[in-house]
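A short worksheet on the structure shown next.
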Amino acid sequence: MSKEFRVRIAPSPTGEPHVGTAYIALFNRCFAKSRGGKFILRIEDTDQGRSTAQSEQSIFDSLNWLGLSWDEGPDVGGPYGPYRQSERLELYKKHVQQLLDTGKAYKCFCTKDDLDSLRKRQEFEKRPAVGYFASDSPCRNLSESEVEEREKRGLPFVVRLKVPNEDPDGEITFFDHIRKKDISRKYSEIDEQILLKSDSFPTYHLANVVDDHLMDISTVVRGEEWIVSTPKHVLLYKAFGWDCPDFYHLSLLRNPDKNKSKISKRKNPVSLRWFRAAGYTPQALLNFLALMGYSRISEGKTKEELASLEMFSIEELIKEFDPDRISSSGPAFDYEKLGVINDSYMQSMSVEEFCRYQNDRLVYLMEYLGELAPEVKNRFRRFDREVCHVTDFLFRMKMNYSPQEFSKVKIAPKETAAMLKTIQKNFKDNAVSINSVAEFKNVIAEIIGNNGFDNRAAHMALRVAMVGSAESLPLYESMSALGVYRCISRIDEAVTFLNSLS
RNA sequence: GGCCCCGUCGUCUAGCGGUUAGGACAUCACUCUUUCAAGGUGGAGAUCACGGGUUCGAAUCCCGUCGGGGUCACCA
């Protein structure tokens with residue numbers, strides 16, 4: 001039988017739809033379409049605690065907004081369904097049993113405490129690596145009767161994959177098509193991965209391998225963060241006696257700061273909903289994302305050709321897509337260049353297209369704003385400006401502070417800066433719990449009380465720091481819409497500005 | 001820290017043994033425009049992370065060092 005070219009993306013429905021998901025989806029889709037293959041969407045909702053239906057829906061919505069549609073998936077169906085892992089539990093159980101029967105996996109009865117003390121011991125012995133290795137496993141060689149006895153007592157267990165341990169120097173190798181080289185890892189450095197959790201849900205590793213095989217995935221295009229666990233996956237394919245797909249590990253999008261860490265919401269907006277509400281067009285975002293990992297520039301082009309080579313549609317990309325041209329170094333996400341590309345797409349629109357686009361965008365923006373939407377609407381006349389002007393603070397990456405606005409705090413810039421610093425420290429200490437309008441209100445009141453700040457000055461300082469203006473939407477709501485991490489970095493920006501006023 | 005990956009202008013990149021190291025964004029200057037953008041022209045900006053090799057010749061191949069990132073969960 002001839003092998004069909006099939007790729008997939010497998011996001012997990014937790015939290016906001018991530019720009020990284022779109023990045024991976026883009027390359028998967030281009031790859032598939034350029035080969036006349038299929039692009040599949042599979043929902044990896046094996047984390048019972050964190051997966052939500054709402055998050056799943058916003059993955060669908062965001063990807064559809066971008067035009068990154070899929071040929072098979074939970075919503076559109078397909079011949080390899082179901083496409084939601086929570087609906088495939090029986091399949092995983094069956095396959096785990098197969099591994100158990102063939103001695104490739106075993107039941108492990110170690111408790112959380114056992115694992116903790118194992119790690120402590122490894123740290124105490126100054127072992128180079130900590131983890132549940134074959135040599136550390138008390139459960140690996142349990143006799144059949146011992147296992148039976150424990151099960152009878154109702155002890156909870158997980159199922160772990162056996163890593164070959166006969167040859168101390170043995171290693172496993174796979175070929176990475178982005179880096180165009182073999183990547184190897186020693187067996188002795190691979191821990192015995194949990195396949196089935198004690199809630200009898202599969203882990204990512206098991207579900208992913210089983211599904212990729214069952215869904216006939218020929219090519220895996222995913223993020224670089226999976227490179228280290230790929231040997232485990234290869235081991236699993238081998239344990240089942242299956243062929244491995246081809247692996248393409250895309251390098252990760254990075255924060256544009258000097259360290260270039262993996263792009264994260266702690267430092268920058270990453271939600272696709274944010275980009276949409278901010279007024280980036282799908283074509284611009286896609287074009288920009290493609291540029292991050294793919295270059296069409298090559299030798300022998302004329303000057304005219306070179307000038308327009310960075311502006312292209314996904315259709316054009318598909319037409320000439322060459323996976324060998326995907327770059328292997330981690331690109332910094334340049335919000336400024338995104339803006340420039342977006343401008344350029346705006347200019348190429350007709351007036352009619354522009355109106356249609358902005359109308360849709362306004363509707364979406366209000367939905368995105370949620371409880372803030374009525375406030376925005378109410379201020380429309382008072383501000384006598386565009387609605388978007390009032391919400392601009394949410395979408396700008398760099399503030400444009402003015403001394404006049406900060407003068408309305410009515411205390412010296414230095415004092416204002418110190419006050420903001422204090423507030424910021426409290427935000428940092430409690431970041432995870434500050435996630436609602438009410439929380440912002442409580443925390444700010446508490447800080448003001450504890451430090452004896454002037455109530456009015458503190459609020460005005462925060463308002464100007466957050467929005468750049470003494471006139472704004474309600475403060476707590478604005479801060480909540482911004483999210484605590486962006487509030488924190490905005491205070492940094494404000495403090496820098498205030499200190500520059502001598 | 002162990003292991004893995006990556007390393008060309010500030011940023012995204014071209015380059016695959018011989019180039020004045022090319023382009024794009026940002027930046028600067030000039031220009032066009034009744035203004036502001038856009039457009040046009042030009043400039044500056046990279047000892048190709050560093051140190052050793054191999055070679056007549058290295059950004060390109062090899063080794064080492066350094067730097068950055070990723071990963072070490074009953075999360076994906």
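A, B, ... follow the sequence lines: proteins, then strands. Residue 1 opens every chain.
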Rounded to whole Å, please give me the gap between [atom1] in [X] and [atom2] in [N].
{"X": "A:Lys180", "N": "B:U60", "atom1": "NZ", "atom2": "P", "result": "18 Å"}
{"X": "A:Lys232", "N": "B:C3", "atom1": "NZ", "atom2": "C1'", "result": "12 Å"}
{"X": "A:Leu250", "N": "B:C5", "atom1": "CG", "atom2": "C1'", "result": "13 Å"}
{"X": "A:Leu309", "N": "B:G23", "atom1": "CG", "atom2": "P", "result": "13 Å"}
{"X": "A:Asn342", "N": "B:A38", "atom1": "CG", "atom2": "P", "result": "15 Å"}
{"X": "A:Leu253", "N": "B:U11", "atom1": "CG", "atom2": "P", "result": "16 Å"}
{"X": "A:Asn287", "N": "B:C12", "atom1": "CG", "atom2": "C1'", "result": "12 Å"}
{"X": "A:Arg325", "N": "B:C12", "atom1": "CZ", "atom2": "P", "result": "17 Å"}

Taking any strand in view, what nucleotide pairs with [N] in a Watson-Crick or G-U wobble way, both distances under 3.5 Å?
{"N": "B:C16", "result": "none"}
{"N": "B:A24", "result": "B:U11"}
{"N": "B:G2", "result": "B:U71"}
{"N": "B:A49", "result": "B:U65"}
{"N": "B:U60", "result": "none"}

(message) Using the ring-ring contact (aromatic ring centres under 6.0 Å, His included) criterion, which residues pair with A:Tyr204? Sequence neighbours excluded.
(response)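 By the ring-ring contact (aromatic ring centres under 6.0 Å, His included) rule, A:Tyr204 matches A:Trp226, A:His233.
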Could you measure between the two [atom1] atoms, the one in [N] and the one in [M], and give it in whole Å?
{"N": "B:C25", "M": "B:A38", "atom1": "P", "result": "11 Å"}
{"N": "B:G67", "M": "B:U27", "atom1": "C1'", "result": "27 Å"}
{"N": "B:G52", "M": "B:A58", "atom1": "C1'", "result": "13 Å"}
{"N": "B:A29", "M": "B:A44", "atom1": "P", "result": "15 Å"}
{"N": "B:A59", "M": "B:A14", "atom1": "C1'", "result": "12 Å"}
{"N": "B:C28", "M": "B:U34", "atom1": "C1'", "result": "26 Å"}
{"N": "B:G23", "M": "B:A46", "atom1": "C1'", "result": "14 Å"}
{"N": "B:A26", "M": "B:G45", "atom1": "C1'", "result": "11 Å"}

(message) Protein within reach of the bases, or only the backbone? For nucleotides 25-34 of chain B, mark each nucleotide 5' to 3' as B, S or -, using heavy atoms under 4.0 Å.
(response) SS--------
(message) I need a per-nucleotide contact map over nucleotides 63-76 of chain B, read 5' to 3'. Cutoff is protein heavy atoms under 4.0 Å; write B for the base, S for backbone only, - otherwise.
(response) -----SSBSS-BBB
(message) Going by side chain to side chain donor-acceptor pair (under 3.5 Å), A:Tyr92 matches just one of A:Asp211, A:Thr203, A:Thr46. Which one?
(response)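 Exactly one pass, corresponding to A:Asp211.
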(request) Could you check which of B:A38, B:C5, B:C6 has an atom nearest any side-chain atom of A:Ile227? (result)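 Of the options given, the side chain of A:Ile227 lies nearest B:C5.
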(message) By nearest atom, which of the nucleotides B:U13, B:C3, B:C12 is closest to the A:Ser327 side chain?
(response)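 So the side chain of A:Ser327 is nearest to B:U13.
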(message) I'd like to check A:Leu291 versus A:Phe312 (side-chain heavy atoms, cut-off strictly below 4.5 Å). Are they in contact?
(response)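 Yes, close enough: below the 4.5 Å cut-off.
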(request) Decide yes or no for A:Phe39 and A:Ile9: does some side-chain heavy atom of the first lie under 4.5 Å from some side-chain heavy atom of the second? (result)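 Side-chain contact under 4.5 Å: yes.
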(request) Taking A:Gln283 for its side chain and A:Ser313 for its backbone only, find out whether a donor-acceptor pair lies under 3.5 Å. (result)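 No, because the side chain of A:Gln283 does not come within donor-acceptor range (under 3.5 Å) of the backbone of A:Ser313.
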(message) Whether the side chain of A:Ser117 engages the backbone of A:Asp114 through a donor-acceptor N/O pair (distance < 3.5 Å, no angle test) should be reported.
(response)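 Yes, the answer is positive, given that a donor and an acceptor are paired below the 3.5 Å cut-off.
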(message) At 4.0 Å (heavy atoms only), tell me whether A:Arg127 reaches a base, stays on the sugar-phosphate, or touches nothing.
(response)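 Result for A:Arg127 = nothing.
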Acceptor/donor pairs from residues 246-254 of chain A side chains to any protein atom, 3.5 angstrom cut, sequence neighbours excluded:
{"unit_1": "A:His249", "atom_1": "ND1", "unit_2": "A:Asp176", "atom_2": "OD1", "d": "2.8"}
{"unit_1": "A:His249", "atom_1": "NE2", "unit_2": "A:Arg222", "atom_2": "NH1", "d": "3.3"}
{"unit_1": "A:His249", "atom_1": "NE2", "unit_2": "A:Thr230", "atom_2": "OG1", "d": "3.1"}
{"unit_1": "A:Ser251", "atom_1": "OG", "unit_2": "A:Ser329", "atom_2": "O", "d": "3.1"}
{"unit_1": "A:Arg254", "atom_1": "NE", "unit_2": "A:Leu252", "atom_2": "O", "d": "3.4"}
{"unit_1": "A:Arg254", "atom_1": "NH1", "unit_2": "A:Lys260", "atom_2": "O", "d": "2.9"}

(request) If a pair satisfies salt bridge (Lys or Arg N to Asp or Glu O under 4.0 Å) and one of its residues is in residues 9-22 of chain A, list it, with sequence neighbours excluded. (result)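 Applying salt bridge (Lys or Arg N to Asp or Glu O under 4.0 Å) to every pair that reaches into residues 9-22 of chain A, excluding sequence neighbours, yields A:Glu16-A:Arg273.
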(request) Determine which pairs satisfy salt bridge (Lys or Arg N to Asp or Glu O under 4.0 Å) with at least one residue from residues 95-107 of chain A, sequence neighbours left out, and list them in order. (result)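 Every salt bridge (Lys or Arg N to Asp or Glu O under 4.0 Å) pair that includes a residue of residues 95-107 of chain A, provided the two are not neighbours, is A:Lys107-A:Glu151.
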(message) By nearest heavy atom, map A:Pro256 and A:Ile183 onto RNA chain B; which one lands nearer the 5' end?
(response)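 It is A:Ile183, whose closest nucleotide lies nearer the 5' terminus.
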(message) Within the 3.5 Å criterion, strictly below it, is a donor on A:Glu310 or A:Asn287 matched to an acceptor on the partner's side chain?
(response)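 No - no donor-acceptor pair under 3.5 Å links their side chains.
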(message) Between A:Glu125 and A:Arg121 (salt bridge meaning N to carboxylate O under 4.0 Å), is one present in this structure?
(response)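 Looking at A:Arg121 together with A:Glu125, the answer is yes, because their closest N to O distance falls below 4.0 Å.
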